[in-house]
Visitor: 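Quick one: structure below, then a few questions.
We name chains A, B, ... by the order of the sequence lines, and we start the count at 1 in each one. Everything quoted here is computed from the prediction, not taken from an experiment. Side chains are part of it too, since the values below use all heavy atoms of this structure and drop only hydrogens, waters and symmetry mates.
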Amino acid sequence: MIDREQVKKVAHLARLDITTEEEEQFTTQLNSILGYFEQLSELDTADVPPTTRAIELSNITRSDTLKPFPDKEALVQAAPEQEGDYFRVPKILTSDEG
Amino acid sequence: MTTSAPKKTEYEAIIGLETHCQLNTETKIFSSESTKFDPDNPNTNVSPICLGYPGVLPVLNEKVLEYAVKAGLALNCQIAPYSKFDRKQYFYPDLPKNYQISQYDLPIAEHGWLEIEIVEKQNSEPVRKKIGITRLHMEEDAGKLNHAGSDRLDGSTYSLVDFNRAGVPLVEIVSEPDLRSGKEAAEYAQELRRIMLYLGISDGKMQEGSLRCDVNISVRPVGQKEFGTKVEIKNMNSFSAIQKAIDYEIERQIEAIENGEPIYQETRLWQEGSGTTKSMRMKEGSSDYRYFPEPDLPPIEVSPEQLKLWKSELVELPAQKRHRYEEKLGLSAYDARVLTDDRTVAEYFEAAVAAGGDTKQVANWVMGDIAAYLKSNELSITEIALKPEILAELVSLITKGTISGKIAKDILPELLTKGGSAKELVEKKGLIQISDTGEIEKIIDEVIAAHPSELEKFRNGKTKLKGFFVGQVMKKSGGRADPKLTNQLLSKKLQG
């Protein structure tokens, strides 16, 4: 189950600014959701191999052929801010690169 | 009086490299946009997929998979029978989706190695070492940021983003911490680059960022089991910068230990200008990337048949060529290394040998006069008019004694620029070596007659003057007199 500290950590990782009331509210709500899923652990899955997906599908690839998107300007224009052909973003405070 | 200095502690450096290598596919890893390097035209190779619009569906480029598997095979890795993509979450404006599609626990290739070879001098024995490859995985590149108002992040008030590079396919190759010096690390990176170029899957341009190396490095006293604190260094854009940055960092860390100062786990930037590393940021524990399986991309299962086919398409790799040149062709380790550095040069050399040219002589021409010509004219060996078959012909003319090495050197520039048959050129110019005793004797007689005082000095013991006479005979014959025969005949004539 999830406690208040974990909710605060998740909010921080998602860069969400939440209030004390919200912390309380989300802790309750998330616990209810997680509790619901917890029912699944009643099943015996000892002999079931782990999977990450519900559909049996593999090796879906495409050919290396150029098909450029036609309206690139619209993509830049759709951003909140732009400068020339660039997307413009606010001052970067930390260098938190991957 | 002498005092013995206290015994100095010896240290060793533990170094591992993380290399990002752009694959030279036509299109991006998950979208059909061009991968062209085009910094002057920002955001011209973008699509809703590489910008991470909601509802789009990324699909893996089949070439990326092929190239990654081939790179894995070339690095002696095991190719995963089951592999998948994951989302790596982090926030930075160069990453439009706020996550990077990468591979976490099931990378396409693992447990490999490559062999590095260090040859200090022309005649020295090569030092060889196997460097472990932990893993190789596929991922997408991020965009590029321009920090407005300043070259640096600190001074800028906002940033501009170009997503042309976002979604360009990368393989990340992680080495085991098997490297011990800047030189070894630089050699490892060069060998990786060579392999990628041989496979034809990357252009390996460090200046343009298509090959990027991050270094992990710690030092510890020799004999100590535990590793020291690991520091990451970034921002090296040449092999010599890798070597210099590591050598600097080793010294810095040893000095800190000797002075009892702490070493922080951090990222440091290499500063080419000052030749130092500078702290960039502290690593906050281990970053919490919250990897989870990418739901939009089904897993990859490379079949044994497919694997066999890709394996059969691999070319002979640089290390294999080096060994073969040494063992089968009898070349020195140094020569083998120079000839195989560039695949096109190695193939040229092999074609000339296959056309009948003497191995050692072909090697000398390729590494000597031809390499010098390529360098001064900034040409690739595939661009010159002198085809490997003609070089073989030229070399054969020398070995058969039809022309001297000197004449060959003289006609080389014309062959390099105009091509054509070496034999025909020699005949046309009347450059065939004079090997007729009578003809050479005649020239010698004339030379001796024209220099009576030198002859007298020679006969009075100044034997060094023989060189002068050889020179005169060569000059008079237009360089065509057989040098060996000239020497023999001249010796007799000069003795009188």
Visitor: Quick check: closest heavy atoms across A:Arg62 and B:Phe30, and the distance to 0.1 Å?
Guide: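 Shortest heavy-atom contact: NH1-C, 3.4 Å.
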Visitor: Taking it one step at a time, do A:Phe69 and B:Val46 satisfy side chain to side chain contact (heavy atoms under 4.5 Å, CB included)?
Guide: CA-CA 7 Å; A:Phe69 183 75; B:Val46 291; over 6 Å; no
Visitor: Would you check if the side chain of B:Arg290 reaches a backbone N or O of A:Val10 as a donor-acceptor pair within less than 3.5 Å?
Guide: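 No: the side chain of B:Arg290 does not pair with the backbone of A:Val10.
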Visitor: Given heavy-atom pairs under 4.5 angstrom as the criterion, report whether the side chain, backbone, both or neither of B:Pro293 touches chain A.
Guide: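 Only the side chain of B:Pro293 comes within 4.5 Å of chain A.
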Visitor: Can A:Leu13 and B:Phe91 be said to form a side chain to side chain contact (heavy atoms under 4.5 Å, CB included), step by step?
Guide: CA-CA 9 Å; A:Leu13 289 170; B:Phe91 292 95; 5.8 Å; no
Visitor: So with a 6.0 Å cut-off around CZ of A:Phe26, is the heavy-atom count from everything else above 12?
Guide: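 For A:Phe26, atom CZ is crowded (more than 12 foreign heavy atoms under 6.0 Å).
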Visitor: Using a 4.5 angstrom heavy-atom cutoff, name the option from B:Ser102, B:Pro48, B:Gly143 with the most pairs to chain A.
Guide: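 Result: the option with the highest number of such pairs is B:Pro48.
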Visitor: Which answer fits A:Thr65, side chain, backbone, both or neither, if we ask what part of it has an atom under 4.5 Å from a heavy atom of chain B?
Guide: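 Backbone only.
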Visitor: Between A:Ser63, A:Ala79, A:Pro90, who has the most heavy-atom pairs with chain B when the cutoff is under 4.5 Å?
Guide: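 Looking at each option in turn, the highest pair count goes to A:Ser63.
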Visitor: Show your reasoning for whether side chain to side chain contact (heavy atoms under 4.5 Å, CB included) applies to A:Asn59 and B:Ile300.
Guide: CA-CA 5 Å; A:Asn59 300 336; B:Ile300 303 296; 3.8 Å; yes
Visitor: Rounded at 0.5 Å granularity, tell me how far OG1 in B:Thr27 sits from CG in A:Leu66.
Guide: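 It comes to 7.0 Å.
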Visitor: Please look at A:Pro68 and chain B and tell me whether the side chain, the backbone, both or neither of the residue comes under 4.5 angstrom of a heavy atom of that chain.
Guide: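 Both the backbone and the side chain of A:Pro68 come within 4.5 Å of chain B.
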Visitor: I'd like to know which of B:Leu297, B:Val302, B:Asn98 tops the heavy-atom pair count under 4.5 Å against chain A.
Guide: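 Of the options given, most contacts go to B:Leu297.
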Visitor: What distance separates A:Asp64 CG from B:Tyr67 OH, expressed to the nearest 0.5 Å?
Guide: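 Reported to 0.5 Å precision, the distance equals 7.0 Å.
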Visitor: So which atom in A:Leu57 and which in B:Pro298 form the shortest heavy-atom distance, rounded to 0.1 Å?
Guide: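 Closest approach of A:Leu57 to B:Pro298, heavy atoms only: O-CB, 3.6 Å.
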Visitor: Evaluate whether atom CD of B:Glu313 has more than 12 neighbouring non-hydrogen atoms of other residues, nucleotides or ligands under 6.0 angstrom away.
Guide: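 Yes.
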Visitor: Which heavy atom of B:Val161 sits nearest to which heavy atom of A:Tyr86, and what is that distance?
Guide: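 Closest approach of B:Val161 to A:Tyr86: O-CD2, 3.5 Å.
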Visitor: Could you report the tightest heavy-atom contact between A:Ser58 and B:Glu301, atom names first, then the distance?
Guide: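 Result for this residue pair: OG-OE2, 2.9 Å.
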Visitor: Select one option (side chain, backbone, both, neither) describing which atoms of B:Ser31 are under 4.5 Å from chain A's heavy atoms.
Guide: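 The backbone, not the side chain.
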Visitor: Which value, rounded to the nearest 0.5 Å, describes the distance between B:Leu160 atom CG and A:Arg88 atom CZ?
Guide: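 The CG atom of B:Leu160 sits 7.0 Å away from the CZ atom of A:Arg88.
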Visitor: Should A:Glu81 and B:Tyr158 be marked as a side chain to side chain contact (heavy atoms under 4.5 Å, CB included) after you check the CA-CA gap, both sets of side-chain angles, and the distance that decides it?
Guide: CA-CA 11 Å; A:Glu81 278 191 274; B:Tyr158 63 94; over 6 Å; no
Visitor: Roughly how far, to the nearest 0.5 Å, is the NZ atom of A:Lys9 from the CG atom of B:Asp288?
Guide: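 Separation between the atoms: 4.0 Å.
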Visitor: Which heavy-atom pair separates A:Lys72 from B:Glu33 by the least distance, and what is that distance?
Guide: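 Looking at all heavy atoms of both residues, the shortest contact is NZ-OE1, 2.6 Å.
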Visitor: Which bit of B:Leu106 is near chain A, if near means a heavy-atom gap under 4.5 Å: side chain, backbone, both or neither?
Guide: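 Contact with chain A is absent: no heavy atom of B:Leu106 under 4.5 Å.
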Visitor: Which value, rounded to the nearest 0.5 Å, describes the distance between B:Leu60 atom CG and A:Ile60 atom CD1?
Guide: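 It is 10.5 Å, given to the nearest 0.5 Å.
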Visitor: Assess the residue pair A:Asp85 and B:Asn43 against the criterion (side-chain hydrogen bond (donor to acceptor under 3.5 Å, both in side chains)); give the C-alpha distance rounded to whole Å, side-chain angles, the decisive distance to 0.1 Å, and a yes or no.
Guide: CA-CA 7 Å; A:Asp85 297 321; B:Asn43 296 307; over 6 Å; no
Visitor: Counting heavy-atom pairs closer than 4.5 Å to chain A, which one of B:Glu26, B:Lys63, B:Gln89 comes out on top?
Guide: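 The answer is B:Glu26.
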Visitor: When rounded to the nearest 0.5 angstrom, what is the spacing between OH in B:Tyr53 and CG in A:Leu75?
Guide: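 With rounding to 0.5 Å, OH (B:Tyr53) is 4.5 Å from CG (A:Leu75).
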Visitor: A:Val89 versus chain B, heavy atoms under 4.5 Å apart: side chain, backbone, both or neither?
Guide: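 Both parts, backbone and side chain.
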Visitor: Would you mind checking which part of B:Gln100 comes under 4.5 Å of any heavy atom in chain A, side chain (CB onward), backbone (N, CA, C, O), both or neither?
Guide: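 Interface part for B:Gln100: neither.
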Visitor: Looking only at non-hydrogen atoms, find the nearest pair between B:Pro299 and A:Arg53 and report the distance.
Guide: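 Scanning both residues, the minimum pair turns out to be CD-NE, 3.3 Å.
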Visitor: Please flag which part of B:Lys28 lies under 4.5 Å from any non-hydrogen atom of chain A: side chain, backbone, both or neither.
Guide: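 For B:Lys28, the backbone is the part near chain A, not the side chain.
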Visitor: Relative to chain B, which of A:Lys67, A:Glu73, A:Gln82 shows the most heavy atom pairs under 4.5 Å?
Guide: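 Of A:Lys67, A:Glu73, A:Gln82, A:Lys67 has the most heavy-atom pairs under 4.5 Å with chain B.
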Visitor: For B:Glu294, is it the side chain, the backbone, both or neither that has a heavy atom under 4.5 Å from a heavy atom of chain A?
Guide: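 Just its backbone gets close to chain A.
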Visitor: Crowded around B:Asp105 CG? As in, over 12 foreign heavy atoms under 6.0 Å?
Guide: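 Enclosed: over 12 neighbouring heavy atoms sit under 6.0 Å from CG of B:Asp105.
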Visitor: Step through the shown structure and confirm whether more than 12 heavy atoms of other residues, nucleotides or ligands are within 6.0 Å of OH on B:Tyr82.
Guide: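 Counting neighbours around OH of B:Tyr82, more than 12 heavy atoms of other residues, nucleotides or ligands fall under 6.0 Å, so yes.
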